[in-house]
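Beneath this line is the structure, given in C-alpha cells, with notes to follow.
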Amino acid sequence: MNVRLRIRHLDLDQTLGCGQTFRWSGAVPGTWSGPIGDCLVTLRREGQWLHSDSVPERRDLGRRVSTYLRTEDDIGRVHAELSKDPVMARGLGAVEGLRLVKMDEWECLISYVLATFANIPRITKMIGHLASRFGSPITDVMNSFPTIGQLGTASVGELRACGLGYRAEYVAGICRLVDDDRLAEMKRMPDDDLRAALLELPGVGNKVADCVSLFGFGRLGAFPIDVWVERALARLYGARGSYRALRDFAAERFGGNAGYAQEYLFYNERALSGSGGCVFTRPGGSSDRTP
DNA sequence: GCCCAGGAGTGTG
DNA sequence: CACACTCATGGG
C-alpha cells in the first residue's frame, strides 16, 4: 500500500536528519526510512507529494505519517509571525521545509534522557541497542522502541550493557515512576504542570523537560536550550544568562512559536556551523560568525 | 591516546 | 540562585 500526502513545507533531510529524532536513516538519497510505532515507514518526496510505505502494512499509515510530521501545523502562519523578529526574518527562507516532529511521548522521554552528555552517533547507538534487546521485531533488522513494560523488565546491568553508562539508573528509575496511566495523565496537563512533572523524573532537567514537552508532547511553546541554542542566542541576540532568563527571553520574543524558533536556531547553529552556510544573521549585515 | 559530548545531580558559597 | 565538581562511555 502506498499512501501519498500533499504537503507544502517539507524537507525530509532537514526534518529527519537535523537531530531532533534519532532513528531515521536517509542512506538512500531522497528516501528516508524509520519506525513510527510498530511499523517501519519509508518516505519519499516527489514534487508536492509525499509518498509513504510501511512494513508491515498499516491501514492508518497516512494518519501516522501526518501526525508524525505535524502536517496540521500552519508553517506559513508560523513564519509570518516569526518574521516580525528581524533575526528570524533574514533566514526563514532557508528552513521552510524544517518541520518539528511529533514523537511518541515515551520514546521521546527516554531518548532525550539518553541524549544528555552524549553525541548524536552515540545516542543513536544506545537507542538501537535498547530496541534490539527489549523491543519487538518489526523487520529483520529493525525493532520497535521498547514499551514501558518491556523496558521495565531490564535490570540496570542489562541497561549498562546497552552502552547507557550512568544513564542506566535514570532509565530504570523512570520505568519505576511512569506507567501508561501516568503518561495519559501527563498528556492532559497544562504546559507548566507537564514540565514540573517531567522535572520530577531522574535524569530530567530543564533542557530534557523542554525537549520532551516539545518533541514528545507537542507543546509548541517549549524552548529547549542546549549548547547550540545557547550559542545562537548569544551570537544573534547578545542574550546570555541563566536557563530561566533565556527561556523568558524566548517566550517573550517567540511566544507560542518558540518551539519552531528553537528548531530553526538549533539547525542554523549546529548543522550549518561547519559548512559556512549561516542563514540567520544579526541585523546590520555582517554575519558575525567571525570571532 | 586524547578530548569531548543536544546535561543532570549533588554539594557548597 | 550561581557556581564547581562528578558522572560512564564511546565517537571523532
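The chains referred to below are lettered A, B, ... by the order of the sequence lines, with proteins before strands, and numbering in each begins at 1. The figures here come from the full heavy-atom set of this structure, side chains too, leaving out hydrogens, waters and symmetry mates.
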Can you check the A/Phe117 CZ to C/dG11 C1' distance for me, whole Å?
-> 13 Å
Check: A/Phe134 ring centroid to A/Phe145 ring centroid under 6.0 Å | no
Rounded to the Å, how far apart are A/Tyr166 OH and B/dA5 P?
-> 12 Å
Looking for any heavy atom pair under 4.0 Å, which part of the strands does A/Val208 touch: base, sugar-phosphate only, or nothing?
-> sugar-phosphate
Taking the six-membered ring for Trp, does A/Tyr170 stack with B/dA8 (centroid gap under 5.5 Å, planes within less than 30°)?
-> no
Given C/dG10, is OP1 or OP2 found less than 4.0 Å from the side-chain N or O atoms of A/Lys125?
-> no
Distance in angstrom units between A/Leu201 CG and B/dG7 C1', rounded | 15 Å
Determine the Euclidean distance between corresponding P atoms of C/dG11 and B/dA8; express it in Å to zero decimal places.
-> 22 Å
C/dC5 to B/dG6 separation - P atoms, rounded to the nearest Å | 23 Å
From CD of A/Glu158 across to P of C/dA8 the rounded distance in Å is 19 Å
A/Tyr267 has an atom OH; how far is it from atom P of B/dG6, in whole Å?
-> 17 Å
Just checking A/Gly203: base, sugar-phosphate only, or nothing, at a heavy-atom cut-off of under 4.0 Å?
-> sugar-phosphate
Which part of the nucleic acid does A/Gln262 contact within heavy-atom distance under 4.0 Å: base, sugar-phosphate only, or nothing?
-> base
Closest heavy-atom pair and its distance - A/Leu198, A/Ala209 = CD1-O, 3.5 Å
A/Thr116 side chain, from C-beta outward: closest of C/dA2, B/dG7, C/dA8 = B/dG7
Please measure how far the P atom in B/dG9 lies from the corresponding atom in C/dG10, and state the result in whole Å.
-> 22 Å
Under 4.0 angstrom between A/Arg160 side-chain N/O and C/dT9 OP1 or OP2 = yes
Take atom CZ in A/Arg77; do more than 12 heavy atoms of anything else shown fall under 6.0 Å from it?
-> yes
Whole-Å gap separating P (B/dC4) and CZ (A/Arg231) | 12 Å
Separation of atom CG in A/Leu198 from atom P in B/dA8, rounded to whole Å | 12 Å
Hey, does the side chain of A/Gln48 reach the backbone of A/Arg8 with a donor-acceptor pair shorter than 3.5 angstrom?
-> no
When rounded to whole Å, the CZ to P distance for the pair A/Arg247 and B/dG6 reads 22 Å
